[in-house]
Amino acid sequence: MPPYRAPRGTRDLLPETRAGLSRLEEIARSLSIRYGYRLMEIPLFEQTAVFERGIGEATDVVEKELFRIAPRTEDSESWALRPEATAGIVRAFVQHGMHTRPQPVKLTVVGPMFRYDRPQAGRYRQFYQWDAEAIGDPGPAVDAEVIEMGRRFYVEAGVPDVQVLVNSIGDSACRPAYLVKLKAYFAAHATELPEPEQRRLELNPLRLLDSKDPAMAALVAAAPKISDCLCEACAAHLSSVLAHLDAVGVPHRVEPTLVRGLDYYARTAFEFYRQGAEGQQQALGGGGRYDGLVELLGGRPTPAIGFALGLDRVLLALEEVAAEAVVEAPPLAIVAGADPADTVSRLRVASLLRAEGLSVRAELSARKLGRQLETASKEHAHFAVIIGDELAEGNVQLKDLEAGTQRLVPLADLARELARAAKSHHHG
RNA sequence: GUGGCCUUAGCUCAACGGCAGAGCAUCGGAAUGUGGAUCCGAAGGUUAUGGGUUCGAAACCCAUAGGCCACCCCA
């Protein structure tokens, strides 16, 4: 009914929700520091080619979900809003010659991503991710470290029952042979495949493995397993990742059908998964190793691994377990006045307190005192500073709204008194 | 991109072919210098939008938009 609404698939984060997101961002920032990742920013959009090359032209993300920006002129380059952060981070890594920094370079980005998808609960066209990338270390230990950091995020955020699923999808040495085998297997059963699956057989046979079609279950179960086809190096890498996970006490499950939709993954693939009550957006986050991406985007061959965690879905999961909503700190005090017309005194006193670093809400509307105090209660202010005739002698009333007591305080002492009261308030 | 369900005040919902309502929230009054309770009042609507059927449509039909659900895919 309002003439303008937030575009489809986007939503306004009202203060209550924004506070929850801030809390998650704070946890992400804290973990980044503890694990040695450095926060950075990349543009919300890139040349389309960064995503086409970096993610893969045949992927759904690029093929149908890319948020393309209409070019301003015929010959201007084509841009798209970022559907994920990895490609942009790697582009920046190459552009700024970060291979000259001590390896691995550990980078992290928190912010909105965009996919032109059909919206659903927990799936938006603008959504928020915490993305972390460790670029320049080929070893399995860093894989486990990344996974452990992701897992700890859910623990500290308070999301229960998050499972860690791990798999290896091989590398250039062994995956091609496996794909041939897999393709041959499904081709032999082509007549049993539902229509949409037939198309994927050609385009992306790996994805047949995690089909949710019940008709596929038996077929998938009997399909050749990548774990049986890994080359020696990949197999050793996987078992070492698992050993490191055990060493840091991260419970995990090897999921042979776990594959990733994006082209650049190799070897380690993992997912953070939660069996939700209703809405089926169960993938809370995922990631993997992408040893070929840096080279693909113009850098020298550099191994890398990272993850992307969906913050909207964490927020949803927290709602589901009825975690208490995050409340923003209410103002310490409200500045009210006996004379509704005297906004000058109220603004002056409020300004004075704010200069001392105190958080106060000034009641500046010309409402009578009772209404001003009513607002103070609704805003959960701890104190009210009441300005009246006593100001002539340099005094104001300081009222403790929870105790219901009040006393006369010289204006000169007000900031100090309030700060002291706030302190004892927080400790009591 | 495919299919299904839904849409009435800021929010949660009534009215089910016959005068569009309630609770909560908002604003004001009771109470002109003292708050969360109570009472009274006001404001808030082209019933998502556009068409159709009907003496009469919030209700029935069609289209569009948005939300949700299942796919596709993913965070």
Side-chain angles (χ1 to χ4, degrees), chain A residues 1-11 14 16 55 58-65 82-86 111-131 150 194-197 199-200 203-204 207 210-214 258-262 271-274 278-287 307-317 334 336-342 363 365-391 396-406:
Chain A
M1 190 160 330
Y4 302 108
R5 288 192 295 196
R8 180 169 201 199
T10 71
R11 66 218 199 284
L14 303 187
E16 303 76 42
I55 298 172
T59 58
D60 276 33
V61 167
V62 166
E63 213 170 53
K64 61 176 205 187
E65 295 172 6
R82 61 187 191 191
E84 46 103 65
T86 306
M113 307 294 159
F114 305 85
R115 288 184 200 177
Y116 195 82
D117 207 356
R118 187 144 165 185
Q120 223 173 93
R123 198 176 70 185
Y124 308 102
R125 288 182 172 182
Q126 175 175 339
F127 58 102
Y128 295 83
Q129 281 189 342
W130 173 33
D131 185 286
E195 206 290 309
E197 310 292 355
R199 255 184 322 108
R200 297 162 90 187
L203 291 172
N204 202 345
R207 297 224 57 90
D210 63 354
S211 167
K212 290 183 199 96
D213 193 326
L258 171 65
V259 297
R260 307 249 92 217
L262 314 184
E271 207 161 87
F272 299 105
Y273 185 89
R274 182 181 138 75
E278 281 298 322
Q280 298 302 304
Q281 298 325 322
Q282 295 162 337
L284 293 183
F307 65 53
L309 307 191
L311 302 184
D312 311 80
R313 290 183 180 178
V314 171
L315 251 23
L316 265 185
I334 177 174
D339 175 6
D342 182 12
E363 276 302 311
S365 67
R367 307 200 303 166
K368 62 183 185 181
L369 183 58
R371 294 290 184 199
Q372 297 178 44
L373 291 172
E374 194 179 328
T375 300
S377 296
K378 286 176 181 164
E379 296 286 325
H380 301 107
H382 296 141
F383 301 95
V385 174
I386 300 167
I387 300 167
D389 295 335
E390 54 274 58
L391 189 62
V396 297
Q397 294 286 351
L398 176 57
K399 175 165 187 160
D400 183 323
L401 287 167
E402 273 152 45
T405 56
Q406 76 179 50

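Throughout, protein chains are lettered first and strands after them, A, B, ... in sequence-line order, and every chain is numbered starting at 1.
Atom CZ of A:R5 and atom P of B:rA48 are 11 Å apart (whole Å). What separates CZ of A:R371 from P of B:rA25 is a distance of 13 Å, to the nearest Å. Rounding to whole angstrom units, CZ of residue A:R125 and P of B:rC74 are separated by 18 Å. If you measure from atom CZ of A:R123 to atom P of B:rG1, you get 12 Å, rounded to the nearest angstrom. The interatomic distance linking A:L398 (CG) with B:rG35 (C1') rounds to 15 Å, in whole Å. When the P atom of B:rC74 is taken as reference, atom OH of A:Y273 falls 14 Å away, rounded to whole Å. As rounded to whole Å, 15 Å separates atom P of B:rU34 from atom CD1 of A:I334. Following rounding to the nearest Å, A:L401 (CG) and B:rA37 (P) show an atom-to-atom distance of 14 Å.
Using a 4.0 Å cut-off between charged nitrogen and carboxylate oxygen, A:R82 and A:D131 do not count as a salt-bridge pair.
Of all heavy-atom pairs spanning A:G388 and A:A338, the tightest one is CA-CB, 4.2 Å.
Base contact: A:G404 has a heavy atom under 4.0 Å from a base atom. Note on A:Q372: nothing from the nucleic acid sits closer than 4.0 angstrom, heavy atoms only. Residue-level contact check: A:K64 touches the bases, meaning some heavy atom is under 4.0 Å from a base atom. Within 4.0 Å of A:G287, counting heavy atoms only, lies no atom of the nucleic acid at all. At a threshold of 4.0 angstrom between heavy atoms, the contacts of A:K378 are confined to the sugar-phosphate backbone, with no base atom among them. Among the heavy atoms of the strands lying under 4.0 Å from A:G388 is at least one base atom, whether or not backbone atoms are also near. If you check every strand for non-hydrogen atoms under 4.0 Å, A:Y128 touches nothing. Residue contacts for A:D389: at a heavy-atom cut-off of 4.0 Å it reaches a base atom on one of the strands shown. If you check every strand for non-hydrogen atoms under 4.0 Å, A:R367 touches sugar and phosphate atoms only.
A donor and an acceptor atom never sit less than 3.5 Å apart when one is taken from the side chain of A:K368 and the other from the base of B:rU32. A donor-acceptor contact under 3.5 Å is not formed by the side chain of A:R8 with the base of B:rA65. With hydrogens and angles left out, the side chain of A:Q406 and the base of B:rU34 share a donor-acceptor pair within 3.5 Å. Between the side chain of A:R313 and the base of B:rC74 there is at least one donor-acceptor pair of N/O atoms closer than 3.5 Å. Residue side chain A:E390 reaches the base of B:rG33 through a donor-acceptor N/O pair under 3.5 Å, judged by distance alone.
Between B:rA20 and B:rU47, the distance separating the two C1' atoms is 8 Å to the nearest Å. If you take atom P in B:rG17 and the same atom in B:rU7, they sit 15 Å apart, rounded to whole Å. A gap of 14 Å separates the P atoms of B:rG52 and B:rA59, to the nearest Å. To the nearest whole angstrom, the two C1' atoms, one in B:rU12 and one in B:rG51, are 31 Å apart. The gap from the C1' atom of B:rG21 to that of B:rC16 amounts to 14 Å, rounded to the nearest Å. B:rA22 and B:rA43: their P atoms are spaced 12 Å apart (whole Å). For the P atom pair drawn from B:rU49 and B:rA65, the interatomic distance equals 16 Å after rounding to whole Å. Atom P of B:rC13 sits at a distance of 15 Å from the matching atom of B:rA48, rounded to the whole Å.
Distance NZ/A:K368 to CD/A:E363: 14.0 Å, rounded to 0.5 Å.
Geometrically, A:R125 engages A:Y116 in a cation-pi contact, judged by NZ or CZ lying under 6.0 Å from the ring centre and within 45° of the ring axis. Cation-pi contact between A:R11 and A:Y124: present, with separation from the ring centre below 6.0 Å and deviation from the ring axis of at most 45°.
Side chain to side chain, A:R367 and A:T375 meet the donor-acceptor criterion of an N or O pair below 3.5 Å.
Side-chain contact between A:E84 and A:R115 is present, with heavy atoms from C-beta onward closer than 4.5 Å. With a 4.5 Å cut-off on side-chain heavy atoms, A:L309 and A:L284 do not count as touching.
Distance from the side chain of A:E374 is smallest for B:rG35 among the nucleotides B:rG35, B:rG4, B:rU34. Checking B:rG36, B:rC74, B:rC68 against every side-chain atom of A:P119, the shortest atom distance belongs to B:rC68. Among the nucleotides B:rG28, B:rG35, B:rC73, the one closest to any side-chain atom of A:D117 is B:rC73.
A:D400 places a side-chain N or O within donor-acceptor distance of the main-chain N or O of A:E402, the cut-off being under 3.5 Å.
Phosphate contact (OP1/OP2 of B:rU34, side-chain N/O of A:Q397, threshold under 4.0 Å): absent.
The residue among A:T405 and A:E271 whose nearest nucleotide of RNA chain B is located toward the 5' end is A:T405. Heavy-atom distances to RNA chain B give each of A:A6 and A:A308 a nearest nucleotide, and the one nearer the 5′ end belongs to A:A6.
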**Item:** side chain to side chain contact (heavy atoms under 4.5 Å, CB included) assessment of A:I334 paired with A:V385
**Value:** CA-CA 6 Å; A:I334 177 174; A:V385 174; over 6 Å; no
**Request:** Any chance you could encode RNA chain B as dot-bracket? Rule is Watson-Crick or G-U wobble with both distances under 3.5 Å; [ ] for pairs crossing earlier ones, | for another strand.
**Result:** (((((((..((((....[..)))).(((((.......))))).....(((((..]....))))))))))))....
